[in-house]
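All figures in this text were calculated on a predicted structure; none of them were measured in a lab. Heavy-atom basis, side chains included; hydrogens, waters and symmetry copies ignored. Every chain is numbered from 1, with letters handed out A, B, ... down the list of sequences.
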Amino acid sequence: MRRATSILNHAPTFCSVSAHSLVDEFTKFCYQRDLPRAMKAMEAMHRNRLSADAITYSELIKCCLVRGAVQQARLVHEHVFSNGYEPKTFLINTLINMYVKFGLLDEARNLFDEMPDRNVVSWTTMISAYSNSNLNHKALDFLILMLREGVRPNMYTYSSVLRACDGLLNLRQLHGSILKVGLESDVFVRSALIDTYSKLGEQHDALNVFNEMITGDLVVWNSIIGGFAQNSDGDETLHLYKRMKRADFVADQSTLTSVLRACTGLALLELGRQVHVHVLKYDQDLILNNALLDMYCKCGSLEDANLLFTRMMTEKDVISWSTMIAGLAQNGFSADALKLFEAMKSKGPKPNYITILGVLFACSHAGLVNDGWYYFQSMKEHFGIDPGREHYGCIIDLLGRAGKLDEAVKLIHEMNHEPDAVTWRILLGACRVHKNVDLAIYAAKEILKLDPADAGTYILLSNIYANSQKWEDVAEVRRKMRTRGVKKDPGCSWIEVSKQVHAFILGDNSHPRIEEIKRELSQLIQRLMRLGYVPDTNFVLQDLEGEQMEDSLQYHSEKLAIVFGLMSLPNQKTIHIRKNLRICGDCHIFAKLVSQLENRVIVIRDPIRYHHFRGGVCSCGDYW
DNA sequence: ATTTCTACCT
């Protein structure tokens with residue numbers, strides 16, 4: 001302790017006020033949250049070897065916390081320990097908590113180590129301090145030490161320590177102890193359990209814990225809804241949201257953020273717009289508004305995104321800017337993305353790792369080789385950020401698309417990160433654009449080493465071999481697929497029409513209007529062919545909808561979805577479609593021609609890319 | 001003394 005050098009001890013000793021009224025006055029100032037006067041009174045009390053009760057000191061500590069007054073807080077600490085008094089456990093706990101809140105974990109720890117009677121609150125405060133600082137190991141160690149000292153954890157302890165749990169084994173053990181002492185029905189413990197299972201991707205267990213709930217609590221609902229949203233299960237997220245509303249709970253910021261994330265994942269623009277209405281009453285919530293911004297970007301409505309971005313009620317943070325920059329780039333507005341980045345540099349927050357990723361993404365998708373290189377080379381110098389694997393990915397993409405395949409390969413081998421499946425897929429994409437079969441085979445094999453369940457890559461490889469009559473290799477690839485149990489999902493496209501989601505799956509005729517749609521599609525293809533459309537049946541180097549037959553080409557799911565959109569949406573309305581697989585070359589040409597012939601804007605989002613078709617051209621510049 | 005929500009290369 002710094003008692004020896006305390007300012008308190010050097011203060012002039014002079015006081016004319018009676019002891020009783022001095023303490024009274026101190027108490028009054030503490031409860032009035034008048035920090036300067038309370039501090040003065042405390043000094044006077046110290047000179048007269050007087051002290052107040054623990055509750056009063058804890059009021060003063062609260063006051064220091066609210067004002068961020070660290071120096072004053074330290075003086076209170078010294079005063080409480082001065083004059084030979086040994087403060088009560090309650091007051092030491094308050095001091096420990098104070099240091100934790102100020103982020104001074106070492107000082108909290110010193111107090112904790114020196115206190116004589118550590119109770120459950122002391123232990124829990126330290127555990128929650130460690131888990132909040134991501135010192136997970138320390139938090140779990142403390143739980144063990146606590147048990148060894150014979151202090152029994154309560155619901156506060158468990159809900160704190162659960163956050164620190166980053167392994168399934170630990171979690172199951174903790175869950176077991178919680179059940180044993182009967183604390184699983186506490187809403188804090190329950191939501192922490194749900195959240196922790198969700199963070200480990202164990203949605204099944206999370207849902208079990210949730211379903212055992214008898215009387216509800218909004219946070220528990222938010223935990224399960226957020227868990228599914230974070231695990232990219234949009235359908236289940238929305239399903240639970242409906243259940244929550246049926247149970248008469250009113251969504252708050254957290255719920256709406258998760259629901260928006262589900263809309264983002266499923267590309268449900270109409271539903272997202274409905275949610276926007278509920279967001280309006282939380283226009284000060286930055287997280288929620290960022291989620292809304294991302295939803296508009298990822299659902300392909302840049303008009304809405306731009307509008308929201310310029311009109312946001314709160315100060316925009318680095319996430320708002322990064323979201324908008326990446327959103328513009330992903331949707332093909334690379335020039336606007338770079339312009340926004342320049343604006344950010346002059347009047348926005350400091351760009352971070354992810355911001356730069358969006359910038360490089362914009363360059364690679366617009367073929368801006370020089371700009372991309374410049375930003376890549378200077379990111380360390382200008383923003384202090386070392387290029388990560390993702391940044392290298394963008395540059396490999398940039399080189400590859402520009403036809404510099406050799407340089408792309410060279411960079412893969414030179415970078416100081418291990419290439420992953422994504423890295424090789426980027427190279428494969430470049431091979432597709434530039435029709436380099438040999439390099440494509442190499443890249444495909446590397447992908448399968450790292451991701452042996454990637455059905456699309458097997459099929460692509462098999463098609464390459466088939467095209468060059470290498471039947472033995474074809475058989476080998478097929479055999480590997482069989483033995484590894486890899487199956488390709490059929491192509492599927494989704495479109496939202498009057499709040500209903502319509503799914504079109506290759507080879508599935510269950511849509512009620514399928515016959516009508518197919519008739520319309522045939523007629524449309526006839527008309528396009530008269531304008532020069534030739535179905536592209538070259539499947540080599542294409543990611544395909546399924547086990548491909550030429551005659552099923554005309555019924556690719558996105559074609560059905562486009563026709564259904566033409567049939568059922570008003571004339572001016574943009575047709576928004578989401579696909580589970582990459583769009584094939586034939587459907588890409590088809591969509592371009594339809595956008596011209598029918599004078600419609602069509603937006604198709606595939607798993608990784610956006611295509612805005614307008615007047616016969618696509619925002620991707622045929623470069624995907 | 002404790003629980004829930006936002007951006008990321010294919």
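Taking atom CG on Asn231(A) and atom P on dT6(B), their separation rounds to 11 Å, with Å as the unit. As rounded to whole Å, 6 Å separates atom P of dC9(B) from atom CD of Gln330(A). Across the protein-nucleic acid pair, Arg389(A) atom CZ and dC8(B) atom P stand 17 Å apart, rounded to whole Å. Computed from coordinates, the Glu184(A) CD to dT3(B) C1' distance equals 16 Å when rounded to whole Å. Whole-Å rounding puts the Tyr156(A) OH to dA1(B) C1' distance at 7 Å. Between the CZ atom of Phe361(A) and the C1' atom of dA7(B) there is a distance of 13 Å, rounded to whole Å. In this structure, the NE2 atom of His278(A) is 21 Å from the P atom of dC5(B), given to the nearest Å. One can place OH of Tyr353(A) at 20 Å from P of dT6(B), the figure rounded to the nearest angstrom.
The side chain of Ser223(A) lies closest to dT4(B) when the candidates are dA7(B), dA1(B), dT4(B). Minimum atom distance to the side chain of Asn154(A) is reached by dA1(B), of the listed dA1(B), dT2(B), dA7(B).
Side-chain contact, Asn154(A) with Asp186(A): no donor N or O sits under 3.5 Å from an acceptor N or O.
A close approach under 4.0 Å does occur between a side-chain nitrogen or oxygen of Lys298(A) and OP1 or OP2 of dC8(B). OP1 or OP2 of dC5(B) has at least one side-chain nitrogen or oxygen of Gln230(A) nearer than 4.0 Å.
Not less than 6.0 angstrom separates the ring centroid of Phe341(A) from the ring centroid of Trp321(A).
In this structure, Glu418(A) places its CD atom where only 12 or fewer heavy-atom neighbours from other residues, nucleotides or ligands lie under 6.0 Å away.
His417(A) comes within contact range of no nucleotide atom at all, as no heavy-atom separation falls under 4.0 Å.
Contacts with DNA chain B (heavy atom under 4.0 Å) in residues 186-195 of chain A: Val187(A), Phe188(A), Ser191(A), Asp195(A), listed by number.
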